[in-house]
Amino acid sequence: MSLRNSGPVTLTIDCGGGGIKATALDSRGTALATPVRTPTPYPLPPELMTKTVADLAAALPKADRITMGMPGMIRHGVVVATPHYVCKSGPRTRVLPELVEQWHFFDMARALRDALDMPALVLNDAEVAGYGAITGKGHEVILTLGTGLGSAIFDGGTLAPHIEFSQLPVKWGLTYDDYLGEHERLRLGEVHWSRRVRRAVESLRAAIMWDRLYIGGGNGAHITDRQRGLIGSEVVIVPNDAGVFGGVRAWEFQDE
């Protein structure tokens with residue numbers, strides 16, 4: 001007798017500034033094969049992104065649907081703006097105007113549906129991670145720390161319209177992306193960078209007034225123990241793989 005779950009298989013794509021990772025999951029969120037990853041290719045027009053995802057999918061078990069999380073302002077599967085993929089050689093390199101134009105209002109969900117012949121859900125990457133972390137009760141927020149800052153807000157499990165907190169100014173002309181991103185973590189060291197994270201949480205807490213804040217992303221684990229103790233009892237650090245499990249749960253919340 002087969003032990004394979006009878007539910008749909010979800011292909012989850014996690015798109016970052018440095019790498020693109022794909023995982024095939026059953027309906028319980030269990031990986032059906034070893035995840036595959038490739039360095040993010042640059043320059044990266046939308047057509048190359050679509051091909052990259054299709055190549056990763058070909059190396060995994062056949063899926064029934066796809067969830068893709070990518071940085072930037074995504075509305076109903078359409079890319080309004082994306083920060084890294086318009087750069088010549090990746091984050092913090094020269095922005096290419098032709099890539100800005102190509103990505104602006106590109107229907108990524110339709111491109112994936114056409115290329116892979118399956119339903120596709122394309123969201124901001126922090127939104128996908130949020131679906132993997134939230135309880136679905138109350139006013140819940142997630143901040144993801146990686147190349148830059150990601151964010152998503154949920155009310156009773158319902159995703160709010162996306163706000164790019166990452167582009168808000170903090171100080172010295174820096175945005176939250178600049179202030180908390182990987183470049184600054186490496187430059188400052190984890191002690192000083194972790195204090196910045198706590199100060200950012202304090203500032204955003206006053207504006208959003210969440211019931212529960214989740215902090216995820218690849219750099220969430222780098223917050224020092226001292227700052228974790230000071231950051232607030234309603235703040236939960238979640239593992240980076242929340243974005244993987246979120247690829248399955250996102251569909252559950254769409255159906256509610």
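All values below were derived from every heavy atom in this structure, side-chain atoms included, with hydrogens, water molecules and symmetry-related copies excluded. Computed from a prediction, not measured in an experiment: that's the story for all the values here. FYI, the numbering just counts along the sequence from 1.
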Give the table of side-chain donor-acceptor pairs shorter than 3.5 Å for residues 228-237, with sequence neighbours excluded, one pair per line with atom names and distance.
| residue | atom | partner | partner atom | Å |
| --- | --- | --- | --- | --- |
| Arg228 | NE | Ile223 | O | 3.2 |
| Arg228 | NH2 | Ala221 | O | 3.4 |
| Glu234 | OE2 | Arg205 | NE | 2.8 |
| Glu234 | OE2 | Arg205 | NH2 | 2.9 |
| Glu234 | OE2 | Trp210 | NE1 | 2.9 |

Atom of [X], atom of [Y] and distance for their closest heavy-atom approach:
X      : Y      : answer
Asn219 : Trp193 : O-CH2, 3.4 Å
Val248 : Ser27  : CG1-O, 3.7 Å
Ser151 : Phe165 : OG-CD1, 3.2 Å
Arg37  : Gly19  : NH2-CA, 3.3 Å
Gly217 : Asn240 : C-OD1, 3.2 Å
Pro71  : His84  : CG-CD2, 3.7 Å

Does [X] share a hydrophobic cluster with [Y], counting links as ILVMFWY side-chain heavy atoms below 4.5 Å and allowing steps through other members?
X      : Y      : value
Val9   : Leu112 : no
Val201 : Leu149 : yes
Trp172 : Tyr176 : yes
Val79  : Ile66  : yes
Leu99  : Phe105 : no

Residues forming a salt bridge (Lys or Arg N to Asp or Glu O under 4.0 Å) with Arg196, sequence neighbours excluded: Glu184
side-chain contact (heavy atoms from CB on, under 4.5 Å) between Phe253 and Arg249, intermediate numbers included: CA-CA 6 Å; Phe253 281 94; Arg249 289 193 82 208; 3.6 Å; yes
Full working for side-chain contact (heavy atoms from CB on, under 4.5 Å) between Met118 and Asp64: CA-CA 6 Å; Met118 67 179 78; Asp64 302 298; over 6 Å; no
If I take atom [atom1] from residue [X] and atom [atom2] from residue [Y], how far apart are they, to the nearest 0.5 angstrom?
X      : Y      : atom1 : atom2 : answer
Met68  : Asp14  : CE    : CG    : 10.0 Å
Leu56  : Lys51  : CG    : NZ    : 10.0 Å
Ile142 : Arg212 : CD1   : CZ    : 12.5 Å
Arg185 : Leu145 : CZ    : CG    : 10.0 Å
Ile134 : Ile153 : CD1   : CD1   : 12.0 Å
Leu44  : Tyr85  : CG    : OH    : 7.0 Å

Whether over 12 other heavy atoms sit under 6.0 Å from Arg92 CZ: no
Within 6.0 angstrom of Glu101 CD, more than 12 heavy atoms from elsewhere: no
Measuring only between side-chain heavy atoms, which start at C-beta, is [X] closer than 4.5 Å to [Y]?
X      : Y      : result
Ile163 : Leu168 : no
Met49  : Trp103 : yes
Met70  : Asp125 : no
Leu60  : Thr23  : no

Val244 vs Lys21, side-chain contact (heavy atoms from CB on, under 4.5 Å): CA-CA, chis, key distance, verdict: CA-CA 9 Å; Val244 176; Lys21 183 172 71 174; 4.3 Å; yes
Keeping [X] on the side-chain end and [Y] on the backbone end, is there a donor-acceptor pair under 3.5 Å?
X      : Y      : result
Ser194 : Thr224 : yes
Ser203 : Arg199 : no
Thr10  : Thr12  : no

Given Leu123, Asn124, Val80, the one that forms side-chain contact (heavy atoms from CB on, under 4.5 Å) with His162: Asn124
Member of Val141, Leu143, Leu213 meeting the side-chain contact (heavy atoms from CB on, under 4.5 Å) criterion with Leu204: Leu143
Chi angles and distances behind the side-chain contact (heavy atoms from CB on, under 4.5 Å) call for Met108, Ile74: CA-CA 9 Å; Met108 192 75 236; Ile74 317 296; over 6 Å; no
The single option from Phe154, Trp251, Phe245, Tyr214 passing ring-ring contact (aromatic ring centres under 6.0 Å, His included) against Tyr131: Phe154
Asp178 and Thr175 side chains, donor-acceptor separation under 3.5 Å: yes
